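Everything below concerns the one structure shown next.
Please read all numbers here as calculations on a predicted model, not as lab measurements. The chains referred to below are lettered A, B, ... by the order of the sequence lines, with proteins before strands, and numbering in each begins at 1.
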2 protein chains.
Amino acid sequence: MKKIAGTRSQKQAKAGDPSSGQDVLSRLRNDIVSSVFEPETRLKFADLTERYDVGIGTLREGLSQLVSEGFVTLEAGKGFKVAPVSAEELIEITEHFISLEKRALRDAIENGDDDWEANIVAVHHRLSLIESLPWEERMTRHSEWVQRHRDFHEALVAACSGRWLFRLRSIMFDQLDRYRFVTKRAPEGLGGRKFEEHSEIMAATLARDADLASELIEKHISDTSERAIRLL
Amino acid sequence: MKKIAGTRSQKQAKAGDPSSGQDVLSRLRNDIVSSVFEPETRLKFADLTERYDVGIGTLREGLSQLVSEGFVTLEAGKGFKVAPVSAEELIEITEHFISLEKRALRDAIENGDDDWEANIVAVHHRLSLIESLPWEERMTRHSEWVQRHRDFHEALVAACSGRWLFRLRSIMFDQLDRYRFVTKRAPEGLGGRKFEEHSEIMAATLARDADLASELIEKHISDTSERAIRLL
DNA sequence: GATATACATATTTTCGAAAATAGAAAGAGT
DNA sequence: ACTCTTTCTATTTTCGAAAATATGTATATC
């Protein structure tokens with residue numbers, strides 16, 4: 001799906017740059033999702049070439065892909081800007097994602113094989129490792145949590161037979177990720193609860209209980225989003 | 001004149017070269033939708049630069065956008081290919097599109113204002129002009145029909161308040177367009193019926209009868225798709 | 001003949017210079 | 001002081017050359 005990382009030339013990787021080593025598209029998306037570039041910010045090539053150490057053409061390619069993904073807007077002649085955020089959009093995205101994720105999960109539960117199950121257990125374990133960490137450390141490794149959380153949810157629906165269902169779901173998930181970031185500094189109260197929720201969802205899924213899994217995941221998502229809406 | 005990226009240019013091509021005067025992205029998508037480049041075809045830059053008379057960088061930008069839209073695939077190091085087609089995919093796309101279009105239509109019917117109504121009438125008229133043409137001429141102007149048909153359906157849901165609902169619907173519509181093309185040479189029997197269907201859908205929509213409009217549009221889409229599936 | 005290795009060709013991918021464009025600043029006329 | 005040019009600067013957009021990569025062909029070796 002994503003572009004395979006090219007062989008990085010032996011140029012000295014700038015130490016301290018946390019996102020070096022990945023391709024430009026991912027690094028760019030990451031920086032937008034994690035609000036390194038805030039909404040509405042103009043993305044000038046002069047800045048970006050320096051930050052990512054790639055040519056203008058390569059950047060333009062990545063940027064225009066992010067336009068179709070909805071993270072960036074392009075006004076002809078005026079360049080690229082980070083897409084705006086709003087509570088209304090979050091509400092709408094949440095709605096669509098719940099609808100798609102539930103269908104994808106049912107689909108996956110019907111079609112999943114042993115490898116699918118094994119992978120879910122594996123990524124859930126990786127996620128739980130970071131979620132059971134003390135609050136302080138969890139915060140410093142937040143981008144890692146985002147990645148593992150994404151992996152967990154993707155693993156759940158990976159066996160879904162509908163390619164477009166999977167695809168549309170993923171578009172919405174990526175958008176949600178962006179909003180999810182605002183809850184980074186939320187009180188830790190619900191952190192532990194979330195850990196339980198993930199386990200329950202996994203259990204229902206592996207038990208092939210589509211109704212229960214569906215119900216749990218809907219609650220999981222809407223709870224998380226509601227929290228984000230309040231913080232927006 | 002300022003052109004917003006992402007909005008499809010509705011300008012007609014200048015005389016002579018049928019696809020000159022539009023941006024590369026549209027021309028490329030058009031050529032894929034109309035099977036100028038058949039599925040699985042490798043898209044070599046050498047050919048494309050000559051055909052469209054633009055540089056490699058510009059092409060790459062357009063191509064990578066088409067990747068996110070699902071019309072093109074990219075294998076790192078092996079270049080771009082036209083995305084494959086299959087009956088299964090058509091079935092799935094149809095399902096999603098029906099679901100989204102119905103929701104979008106209800107939304108639009110609730111929120112549409114006078115301008116929305118007026119535009120629907122106008123675009124429907126443009127469509128009917130070309131649909132009431134004798135079969136021979138309709139075939140020669142098929143790409144024009146495709147455009148006007150797209151405009152009609154877009155006008156119906158233009159007032160839809162959910163931006164993402166509109167967006168997801170449009171992604172699916174574009175995909176359907178590609179499959180719709182295989183029915184170009186279908187027997188004319190249903191051509192006239194389709195004309196009626198469009199009128200009925202418009203009437204129900206302007207009468208703000210969401211249930212009826214919903215029902216009609218579902219039938220309209222599934223009939224069209226079933227016909228395409230048989231021809232695939 | 002089959003397999004491996006080296007070489008040659010074709011194609012993609014990257015990059016930065018040059019052209020095109022928008023936006024700001026300066027100047028002229030009323 | 002105001003508006004309309006003009007000029008200059010900043011930024012985007014385009015392009016094709018050069019580097020990196022994959023593919024195809026010939027030659028050698030077993």
Q | Steps toward side chain to side chain contact (heavy atoms under 4.5 Å, CB included) verdict (B:V82, B:T73) | A | CA-CA 6 Å; B:V82 179; B:T73 62; over 6 Å; no

Q. Any donor and acceptor pair, going by atom type alone, linking the side chain of A:T224 with main-chain N or O of A:H220 inside 3.5 Å?
A. yes

Q. How close or far is atom P of D:dT13 from atom NZ of A:K44, stated in whole angstroms?
A. 14 Å

Q: Give the rounded distance in Å between these two atoms: CG of A:L43 and P of D:dT13.
A: 12 Å

Q: Let me know, please, whether B:I56 or A:F45 comes out on the 5' side of the other along DNA chain D by nearest nucleotide.
A: A:F45

(Q) From CD of B:E50 over to P of D:dC15, roughly how many Å is that when rounded to an integer? (A) 15 Å

Q) Does A:R60 make a side-chain N or O approach to OP1 or OP2 of D:dT12 shorter than 4.0 Å? A) no

Q: Keeping the roles fixed (side chain from B:E92, backbone from A:W164), state whether a donor-acceptor pair exists under 3.5 Å.
A: yes

Q) Within this structure, what is the CG-to-P distance between B:D53 and D:dG16, rounded to whole angstrom? A) 8 Å

Q: Look at A:K78 and C:dA22 and indicate whether a side-chain polar atom (N or O) is within less than 4.0 Å of OP1 or OP2.
A: no

Q: Indicate yes or no: does B:R180 engage B:D177 in a salt bridge with an N to O separation below 4.0 Å.
A: yes

Q: Nearest whole angstrom, please: distance from the P of D:dA22 to the CZ of B:R42.
A: 12 Å

Q: Round to a whole Å and report the spacing from CG of B:L48 to C1' of D:dT14.
A: 17 Å

Q: Quickly work out the B:L74 CG to C:dT12 P distance and round it to whole Å.
A: 11 Å

Q) On DNA chain C, nearest-nucleotide positions of A:G77 versus A:G57: which is more 5'? A) A:G57

Q) Over how many whole Å does the gap from A:L59 atom CG to D:dT13 atom C1' extend? A) 13 Å

